[in-house]
Number of protein chains: 2
Amino acid sequence: MPTNEPLTPPSSGRPSGRPSGQSSGQPSGRPSGRPGRRPASSRAAIEDAAGELFLEQSYARTTIEHITTRAGVSRASFFNYFDAKSDLLWGDVDALVDSVEQQLRAQPSNIPPMDAVRGALVSAAEHVGSDRIPLAVTQWELMGARDELLTSGLSRFSRLGSLVRVYLDSRAKSGEQLAVTAASFALVGAVAAAAGVWAAQGTARDPLAPLIDRAIAPVCDGFAPRFS
Amino acid sequence: MPTNEPLTPPSSGRPSGRPSGQSSGQPSGRPSGRPGRRPASSRAAIEDAAGELFLEQSYARTTIEHITTRAGVSRASFFNYFDAKSDLLWGDVDALVDSVEQQLRAQPSNIPPMDAVRGALVSAAEHVGSDRIPLAVTQWELMGARDELLTSGLSRFSRLGSLVRVYLDSRAKSGEQLAVTAASFALVGAVAAAAGVWAAQGTARDPLAPLIDRAIAPVCDGFAPRFS
DNA sequence: CGATAAAACTAGACCGAGTACAACAATAGG
DNA sequence: CCTATTGTTGTACTCGGTCTAGTTTTATCG
């Protein structure tokens with residue numbers, strides 16, 4: 001007996017090909033230049049289904065099978081679009097970290113390093129509109145057990161830490177490894193704290209950027225003397 | 001067909017009861033007061049086997065089955081002693097966090113809050129002798145992909161953050177929620193950074209406590225003005 | 001001593017996330 | 001039509017973790 005597929009026994013098999021459910025209009029838009037089958041609207045369908053289910057029954061109690069079933073997609077398809085279940089929650093945060101990376105590169109090199117980092121973080125935060133909020137934030141209020149959320153999210157923030165560390169390292173004199181690393185991860189801690197407070201404010205929250213700024217300012221002040 | 005048990009088909013079954021292998025002497029020491037079967041040396045056997053296997057083939061490639069097989073213990077027994085595989089790596093860190101909690105309670109209440117936290121963290125770090133080093137640290141050098149390690153460890157540090165936050169919260173005037181949270185998690189970031197640098201030093205590393213102190217000092221300096 | 005209760009341990013089924021791979025379907029271009 | 005390419009699916013598998021029922025060892029009480 002196969003291991004998975006607790007639901008949807010072989011009978012009543014879904015018609016292969018794209019299902020008739022949901023909001024997927026005929027995906028045959030433009031020839032798109034390159035060969036191969038064109039993607040159905042699977043990605044959006046998955047995201048929508050996940051958003052609904054997370055609100056209905058929380059992240060922890062929603063399985064990937066639930067999501068794909070509601071989206072009218074195969075379980076295998078899920079992993080074509082996402083590497084892990086937690087990507088549904090934190091994918092937006094990943095994108096935000098990417099934007100921090102860009103902002104860091106865009107910083108002028110004649111200002112003190114900590115000011116540059118501060119500017120980059122705040123700039124990135126300014127692009128977080130209240131329109132597109134990471135799913136993780138909406139879950140924050142809902143979840144009784146935040147540990148799973150927290151754990152799945154921390155690794156994303158650690159990427160931010162590595163990013164900042166590389167930047168600071170490039171602008172510090174050697175022999176400052178400890179200070180560079182400490183500053184980077186202290187900043188990330190402060191950012192995460194601000195994000196947590198922001199998420200906890202529920203709907204109609206304040207803009208994120210000033211919060212971030214207030215949270216990281218003391219860290220910047222503390223470490224600034226350690227850098228040129 | 002059963003799902004698991006890829007190895008050890010029903011043939012060649014290990015003799016039930018305590019195996020003759022390893023270092024487990026007859027555990028019948030003292031009557032120990034209370035009823036019930038006395039524990040075999042399973043816990044130590046598991047830890048030893050895990051330590052060996054992690055060094056031989058890394059954490060990621062070692063399954064719980066491997067560990068329990070070498071330890072001569074059933075898989076079920078593993079979960080009698082540990083909640084998760086990652087506890088083998090981070091259990092010592094958990095204990096360390098506990099000791100921070102104690103140190104926080106032992107701090108005099110007439111010194112500034114940030115000084116108290118700093119003292120507690122450094123005191124706890126002083127008890128980390130080079131004798132008993134968390135397995136995670138020894139793995140740090142070995143692992144090609146540190147992400148799994150990192151992820152499994154971050155949640156432990158987040159507990160430290162919550163601890164500090166509660167303490168700071170009890171000593172701050174209300175309305176300082178953001179500052180309290182930011183300070184807590186910035187501290188944790190700095191501590192984690194110091195621990196990482198320490199771990200990366202390989203064998204014969206410097207004492208941890210001064211490293212921690214140097215890492216968190218700027219954070220304390222930065223946030224100190226925000227608290228009474 | 002025997003009965004009982006508690007504790008350590010085991011066996012085995014089960015679940016869900018994640019991986020791997022071989023198909024199959026749709027589409028562009030020759 | 002043929003072929004290469006890309007999206008999608010079915011299916012088997014691994015592993016961490018949970019759960020439950022049952023077995024063995026032990027101390028205590030009658």
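The structure displayed is predicted, hence computed values, not measured ones.
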Between D:dT18 atom P and B:Phe78 atom CZ, what is the distance in whole Å? 11 Å
Report yes or no: do B:Arg156 and B:Ser86 form a side-chain donor-acceptor pair below 3.5 Å? yes
Separation of D:dG7 atom C1' from A:Ile46 atom CD1, nearest Å, is 12 Å
I need the CZ-P distance between A:Arg61 and D:dT18, as an integer number of Å. 16 Å
Between B:Tyr81 and C:dA8, is there a side-chain N or O to OP1/OP2 distance below 4.0 Å? no
Report yes if a side-chain nitrogen or oxygen of A:Ser77 is closer than 4.0 Å to either non-bridging phosphate oxygen (OP1 or OP2) of D:dT9; otherwise report no. yes
With a cut-off of under 6.0 Å to the ring centre and 45° to the axis, is B:Lys85 in cation-pi contact with B:Tyr59? yes
For A:Gly36 and for B:Arg43, find the nucleotide of DNA chain C with the closest heavy atom, then tell me which residue's nucleotide is more 5'. B:Arg43
Of the listed nucleotides C:dC9, C:dA17, C:dG12, the one nearest the side chain of A:Lys85: C:dA17
side-chain N/O A:Arg38 vs C:dA28 OP1/OP2, d < 4.0 Å: yes
Give a yes or no on whether a donor-acceptor pair under 3.5 Å exists between the nucleobase atoms of D:dG17, that is its base, and the side chain of B:Arg75. yes
Measure CD1/A:Ile67 against P/C:dG16 and give the value in whole Å, please. 12 Å
Within the 4.0 Å heavy-atom criterion, would you say B:Thr62 contacts the bases, only the backbone, or no part of the nucleic acid? sugar-phosphate
Please tell me which of the listed nucleotides, C:dT10, D:dT9, D:dA27, lies nearest to the side chain of B:Pro35? D:dA27
In whole angstroms, the gap separating P of C:dG18 from CD of A:Glu65 amounts to 14 Å
Calculate the interatomic distance between A:Phe79 atom CZ and D:dG7 atom P; express it in whole Å. 18 Å
Geometric cation-pi criterion B:Arg43 and B:Phe82, 6.0 Å radius, 45° cone: yes
B:Asp83 backbone acceptor or donor facing B:Asp87 side chain under 3.5 Å: yes
Looking across every strand, which nucleic acid part, if any, lies under 4.0 Å from B:Asp83 by heavy atom: base, sugar-phosphate, or nothing? sugar-phosphate
So B:Phe82, base contact, sugar-phosphate only, or nothing? Heavy-atom distance under 4.0 Å. nothing
Between A:Thr63 and C:dC15, does any side-chain N or O lie under 4.0 Å from OP1 or OP2? no
Nearest whole Å is fine: how far is C:dC21 P from A:Asn80 CG? 15 Å
Is the shortest side-chain heavy-atom distance between A:Glu101 and A:Tyr167 below 4.5 Å? no
Just compare C:dG18, D:dT8, D:dA27 and give me whichever is closest to any side-chain atom of A:Ile64. C:dG18
Please determine whether a side-chain nitrogen of the Lys or Arg among A:Glu56 and A:Arg70 lies less than 4.0 Å from a carboxylate oxygen of the Asp or Glu. yes
Taking only N and O in the side chain of B:Arg37, is any of them less than 4.0 Å away from OP1 or OP2 of C:dC9? no
For B:Arg34 and C:dT4, what is the distance between atoms CZ and C1' respectively, to the nearest whole Å? 18 Å
